[in-house]
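Every heavy atom of this structure was used, including side-chain atoms; hydrogens, water molecules and symmetry mates were not.
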Amino acid sequence: MKILVCISHVPDTTSKINFTDGDTKFDTNGVQFVINPNDEFGLTRAMWFKEKQGASVDVVNVGGAETEPTLRKALAIGADNAIRVNAEATDGFFVANQLAKVVKDGGYDLVIAGRESIDYNGGMVPGMLAALTGANFVNTCIGLEVEGDTATATREIDGGKETSKAKLPLIIGGQKGLVAESDLRIPNMRGIMMARKKPLTVVDPIDASQETKTVHFQKPEPKGAVTLVDSENVDQLISLLHNEAKVI
């Protein structure tokens, strides 16, 4: 089985976020970047298929040279090969088209993408990728088994879970639950050394339209001061909840 894992290069959630050029561009200065958490769950599941079923695992990213350390980390975790599409990932449709070309050229049986990236939270790329490649698609996936050319996928739905069977090729939008958090892997020294020798192929982007454009970023408003109410003053509490918080 040939597996492709899509890797997004995203800011660590502990990083301080700022914007430049009139709040139109993300300021990367001083920001630590990591593998998108949803993608990390998918990569870990792919490693299971590699170890248990002999699958080969490639990783792919759409981005500039600054994303290569993130791809190298994926290689250190255990991926066999990395592919970087040399283009700025500014639009979901554009990214999906770049990934579709890689999927078609590589003849992958299973493509594991994150349900969404934690930077823009668009949640659109996996579904568009499935449409562009004609593959079956399961989103919000929290369980995946493959036997022969048939996959059994479990996904979250409102109020429960749904289990489906689908023929390969299959694209999933994975998330937390695809593997246990305790199973996530930290690259060891041997993996880091081996990653330096593994191939990282840079490919040119194909022509594809960008259907959206970011015009402005805005941080959440600062939280207001906490109002303390004496436990005996129920009338004040009710007044605040009704007139200020407007929850009653």
Quiz item: Any chain of hydrophobic side-chain contacts (each under 4.5 Å) joining Val102 to Val59?
Solution: no

Quiz item: Is there a donor-acceptor pair closer than 3.5 Å between any side-chain N or O of Asn233 and the backbone N or O of Gln236?
Solution: yes

Self-check item: Tyr108 and Pro169, any side-chain heavy atoms less than 4.5 Å apart
Solution: no

Exercise. Please report the closest heavy-atom contact between Pro187 and Ile192, naming both atoms and the distance.
Key: CB-CG1, 4.0 Å

Practice problem: Find the distance between CD1 (Ile142) and NZ (Lys176) and round it off to the nearest 0.5 Å. | Solution: 12.0 Å

Quiz item: Is the closest side-chain donor-acceptor distance between Thr70 and His9 under 3.5 Å?
Solution: yes

Exercise. Answer yes if Met1 and Leu178 sit in the same cluster of Ile, Leu, Val, Met, Phe, Trp and Tyr residues linked by side chain heavy atoms under 4.5 Å apart, and no otherwise.
Key: yes

Quiz item: Does Asp27 reach the main-chain N or O of Ile17 with its side chain, forming a donor-acceptor pair under 3.5 Å?
Solution: no

Quiz item: About how many Å separate CD1 of Ile3 and CH2 of Trp48, when rounded to the nearest 0.5 Å?
Solution: 10.0 Å

Quiz item: Is any side-chain heavy atom of Gln218 closer than 4.5 Å to a side-chain heavy atom of Phe19?
Solution: no

Quiz item: Around atom NZ of Lys101, are there more than 12 heavy atoms of other residues, nucleotides or ligands at under 6.0 Å?
Solution: no

Exercise. Grab the two heavy atoms, one from Lys50 and one from Ala55, that are nearest each other, plus how far apart they are.
Key: CG-O, 3.3 Å

Self-check item: Qualifying residue, where the test is side chain to side chain contact (heavy atoms under 4.5 Å, CB included) with Leu170 and the options are Val146, Thr150, Leu144, Ile112
Solution: Leu144

Quiz prompt | side-chain contact (heavy atoms from CB on, under 4.5 Å) evaluation trace for Asn136 with Ile171 | solution = CA-CA 6 Å; Asn136 291 315; Ile171 294 173; over 6 Å; no

Self-check item: Minimum heavy-atom distance between Val202 and Glu68, given as atom pair plus value
Solution: CG2-OE2, 3.8 Å

Practice problem: Hey, could you give me the CG/OG1 distance between Asp21 and Thr24, rounded to the nearest 0.5 Å? | Solution: 4.5 Å

Quiz item: Does some side-chain heavy atom of Ile77 sit less than 4.5 Å from a side-chain heavy atom of Met47?
Solution: yes

Self-check item: Minimum-distance pair of heavy atoms, taken over all atoms of Arg115 and Asn38
Solution: N-CB, 4.0 Å

Practice problem: Keeping the roles fixed (side chain from Asp80, backbone from Ser56), state whether a donor-acceptor pair exists under 3.5 Å. | Solution: no

Exercise. Say whether Glu116 and Gln175, considering side chains only, have a donor N or O and an acceptor N or O under 3.5 Å apart.
Key: no

Practice problem: Applying side-chain contact (heavy atoms from CB on, under 4.5 Å), run through Val111 and Ile172 and close with a yes or a no. | Solution: CA-CA 6 Å; Val111 179; Ile172 70 162; over 6 Å; no

Quiz prompt | Within 45° cone and under 6.0 Å: Arg45 NZ/CZ vs Phe49 ring | solution = yes

Quiz item: Could you state the interatomic distance from OH (Tyr120) to OG1 (Thr214), rounded to the nearest 0.5 Å?
Solution: 5.5 Å

Exercise. Using a cut-off of 6.0 Å, state whether more than 12 heavy atoms not belonging to Ile186 lie near its atom CD1.
Key: no

Quiz prompt | Option among Ile35, Val60, Leu200 that satisfies the side chain to side chain contact (heavy atoms under 4.5 Å, CB included) test with Leu71 | solution = Leu200

Exercise. Return yes if a side-chain donor-acceptor contact under 3.5 Å exists between Thr154 and Glu162, otherwise no.
Key: no

Quiz prompt | Lys219 atom NZ: more than 12 heavy-atom contacts under 6.0 Å | solution = yes

Exercise. Check whether any side-chain N or O of Lys198 sits under 3.5 Å from a backbone N or O of Ala79 as a donor-acceptor pair, and report yes or no.
Key: yes

Quiz prompt | CE-CZ distance between Met193 and Arg196, expressed to the nearest 0.5 angstrom | solution = 4.5 Å

Quiz item: When you measure from the side chain of Asn81 to the backbone N and O of Asp58, does any donor-acceptor pair fall under 3.5 Å?
Solution: no

Quiz item: Distance only, no hydrogens: is a donor on one side chain within 3.5 Å (strictly under) of an acceptor on the other, for Glu88 and Thr90?
Solution: no

Quiz item: Do Asp183 and Thr44 pass the side chain to side chain donor-acceptor pair (under 3.5 Å) test, and can you show the C-alpha distance, the side-chain angles, and the key distance before you say yes or no?
Solution: CA-CA 7 Å; Asp183 290 333; Thr44 304; over 6 Å; no

Quiz item: Applying the 4.5 Å side-chain criterion to the ILVMFWY set and letting contacts propagate, would Val247 and Ile238 be lumped into a single cluster?
Solution: yes

Quiz prompt | Check ion pair Glu147-Lys167 (N to O, under 4.0 angstrom) | solution = no

Exercise. Please answer whether the main-chain N or O of Gly114 pairs with a side-chain N or O of Asp39 as donor and acceptor at a distance below 3.5 Å.
Key: yes

Exercise. Side-chain contact test, heavy atoms from C-beta onward, threshold under 4.5 Å: evaluate it for Lys246 versus Leu241 and give yes or no.
Key: no

Exercise. For a side chain to side chain contact (heavy atoms under 4.5 Å, CB included) with Thr67, tell me which candidate from Asn86, Asn61, Ile7 qualifies.
Key: Asn61

Quiz item: Is the backbone of Val138 close enough, under 3.5 Å, to the side chain of Arg155 for a donor and an acceptor to pair up by distance?
Solution: no

Exercise. Determine, step by step, whether Cys6 and Leu99 satisfy the side-chain contact (heavy atoms from CB on, under 4.5 Å) criterion, reporting the C-alpha distance in whole Å, the side-chain angles of both residues, the deciding distance to 0.1 Å, and the verdict.
Key: CA-CA 8 Å; Cys6 302; Leu99 295 176; 4.0 Å; yes

Quiz item: With side chains defined as the heavy atoms from C-beta onward, is the minimum distance between Val203 and Ile83 less than 4.5 Å?
Solution: yes

Quiz item: Under the side-chain contact (heavy atoms from CB on, under 4.5 Å) criterion, do Asp105 and Val103 qualify, and how do the steps go?
Solution: CA-CA 6 Å; Asp105 288 349; Val103 172; over 6 Å; no

Quiz item: Roughly how far, to the nearest 0.5 Å, is the NZ atom of Lys25 from the OG1 atom of Thr20?
Solution: 7.0 Å

Quiz item: Can Lys161 and Glu156 be counted as an ion pair, charged N to O under 4.0 angstrom?
Solution: no

Quiz item: Phe94 and Ala208: which non-hydrogen atoms are nearest, and at how many Å?
Solution: CD1-O, 3.4 Å

Self-check item: Backbone N/O of Val10 and side chain of Asp119: donor-acceptor pair under 3.5 Å
Solution: no

Exercise. For Lys165 and Ala153, indicate whether the former's side chain and the latter's backbone hold a donor-acceptor pair under 3.5 Å.
Key: no

Quiz item: Is there a side-chain contact between Ser15 and Phe33, using heavy atoms and a 4.5 Å cut-off?
Solution: no

Quiz item: How far apart are the closest heavy atoms of Ala151 and Leu168, and which atoms are they?
Solution: CB-CD2, 4.1 Å

Quiz item: Under 3.5 Å, is there a donor-acceptor pair linking the side chains of Thr212 and Asp91?
Solution: yes

Quiz item: Asp12 versus Val31: any side-chain heavy-atom pair under 4.5 Å?
Solution: no

Quiz prompt | Val34-Val5 co-clustered via ILVMFWY side chain contacts under 4.5 Å | solution = no

Quiz item: Do Asp109 and Lys2 meet the salt-bridge criterion of a basic N to acidic O distance under 4.0 Å?
Solution: no

